[in-house]
Amino acid sequence: MYERIIGAVLATALAGAAGAAYPERPIQLIHGFGAGGNADTVSRLVARHLQAALGQPVVVEIKSGAGGVVASSHVAKAEPDGYTLVMLTGGHTVSAAVNKSLPYDPVADFQPISTVTAFPFVVSVKADNPARTLADLLATARAKPGTVSFSSVGVGSTQHLTGELLAATAGVQMLHVPYRGGAAPVQAVLAGDVDVLVDTATVAAPQIKAGTMRALAITSAKPWPLLPGAPVAADTVPGFQVYSWLGIAAPAKTPGPIVDRLHAALAAMLQDPAFRKAVNDIGSEPSGSSPAQMRTMIESEIARWKKVVEQANIVAN
């Protein structure tokens with residue numbers, strides 16, 4: 001008994017000492033998406049601020065594949081010493097909902113630190129589409145089930161599930177047409193091959209501002225600064241609201257003092273005017289949380305998307 005007590009006290013002391021000294025060498029910040037994309041851009045902004053706050057290099061490393069699963073799997077298996085971090089995205093919860101099995105537990109194998117940004121999706125159509133409003137679009141889908149099509153960056157993507165959730169909440173049927181990402185979904189809508197684009201404001205805004213597409217709705221709770229004229233979807237479909245997010249996590253069992261140090265650095269970063277402006281410029285908003293709040297959000301999002309997967313009969317991998 002006494003040995004266990006002494007061991008626990010010693011472990012606590014060592015963790016405290018590690019937290020006080022941390023960091024003593026460079027930190028890796030890993031994400032699982034393409035160079036120049038949203039996750040990569042935000043990761044590099046975060047790395048720059050963490051490096052200044054912690055006094056050690058923070059190196060962004062891309063381990064792409066399987067919608068972020070490769071990167072998450074790597075971090076879940078890393079030493080819980082604070083030197084390997086991951087930029088999780090909303091896709092983390094979607095993967096957990098769509099896949100029958102993953103090489104990690106999406107909740108238990110990670111120590112959340114803080115969310116960093118949040119952003120909604122835009123429901124838009126080609127400029128000459130007869131639907132002038134979201135209500136018009138849904139009326140057509142209701143009258144002709146399965147004839148209104150929407151694009152996404154792939155089966156099981158957050159964009160796909162957002163479109164399915166919109167249809168389910170509105171009580172209509174729409175046809176999902178997946179693409180491999182990049183500019184393909186936008187081009188399909190512009191070519192008239194697909195009726196509706198469901199994507200981020202970052203992707204949709206250039207076409208909307210150029211007049212080639214029209215925003216029918218934004219999935220945020222209030223008008224979005226990047227597209228101030230876009231109507232809020234919940235005004236037409238009460239209760240419908242979808243945000244995606246980015247957040248920093250470490251492997252499970254990372255010592256508390258290290259988690260606290262990282263959280264404090266991220267909290268300060270989220271108040272920095274330069275960081276806030278840079279995030280706003282790419283169509284997102286700074287959005288922080290406590291570690292506990294981030295864990296609760298991940299759990300609730302997984303449950304939410306699992307219901308969408310079941311309702312839409314999406315085939316899990």
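All heavy atoms count here, side chains included; hydrogens, waters and symmetry mates do not.
When side chains are defined from C-beta on, Asp81 counts as touching Arg25, because their heavy atoms get closer than 4.5 Å. For the pair Asp281/Leu226, no side-chain contact is recorded, criterion being any heavy-atom separation below 4.5 Å from C-beta on. A 4.5 Å side-chain heavy-atom check between Thr117 and Glu285 finds every atom pair outside the cut-off. Side chains of Val153 and Thr158 form no contact here, defined as non-hydrogen atoms less than 4.5 Å apart. Within the 4.5 Å cutoff, the side chain of Val98 has heavy atoms near those of the Val94 side chain. Between Asn38 and Leu246, the closest side-chain pair of non-hydrogen atoms falls below 4.5 Å. Within the 4.5 Å cutoff, side-chain heavy atoms of Leu165 are placed close to those of Trp305. For the pair Val116/Met269, a side-chain contact is recorded, criterion being any heavy-atom separation below 4.5 Å from C-beta on.
Arg276 and Asp272 are not joined by a salt bridge, as no carboxylate oxygen comes within less than 4.0 angstrom of a charged side-chain nitrogen. A salt bridge links Arg304 with Glu301: the closest approach of a Lys/Arg side-chain nitrogen to an acidic carboxylate oxygen falls below 4.0 angstrom.
Between His160 and Phe150, the ring planes lie tilted relative to each other; the angle falls in the 30° to 60° range. The aromatic rings of His92 and Trp245 sit perpendicular, their planes meeting at an angle over 60°, well past the 30° parallel limit. Between Phe119 and Phe121, the two ring planes are perpendicular [angle over 60°; tilted spans 30° to 60°].
Arg142 contributes atom CZ, which lies 10.0 Å from atom CG of Leu137 (distance to the nearest 0.5 angstrom). Atoms CD and OG1, from Gln207 and Thr212 in turn, are 3.5 Å apart once rounded to the nearest 0.5 Å. Distance CD1/Ile298 to CD/Gln293: 12.5 Å, rounded to 0.5 Å. The CD1 atom of Ile248 sits 10.5 Å away from the NE2 atom of His31 when rounded to the nearest 0.5 Å. One finds the CG atom of Leu88 at 5.0 Å from the OG atom of Ser72 (value rounded to the nearest 0.5 Å). Once rounded to the nearest 0.5 Å, the distance linking OG of Ser157 with CG of Asp199 reads 8.5 Å.
With no hydrogens or angles considered, a side-chain donor-acceptor pair links Ser152 and His176 at under 3.5 Å.
Heavy atoms from other residues, nucleotides or ligands lying under 6.0 Å from NZ of Lys77 number more than 12. Around the CD atom of Glu79, the shell of radius 6.0 Å holds no more than 12 heavy atoms that belong to other residues, nucleotides or ligands.
Pro26 pairs by the side chain to side chain contact (heavy atoms under 4.5 Å, CB included) definition with Gln56, Pro57, not counting sequence neighbours.
The minimum heavy-atom distance between Pro112 and Ala249, with the atom names listed, is CA-CB, 4.1 Å.
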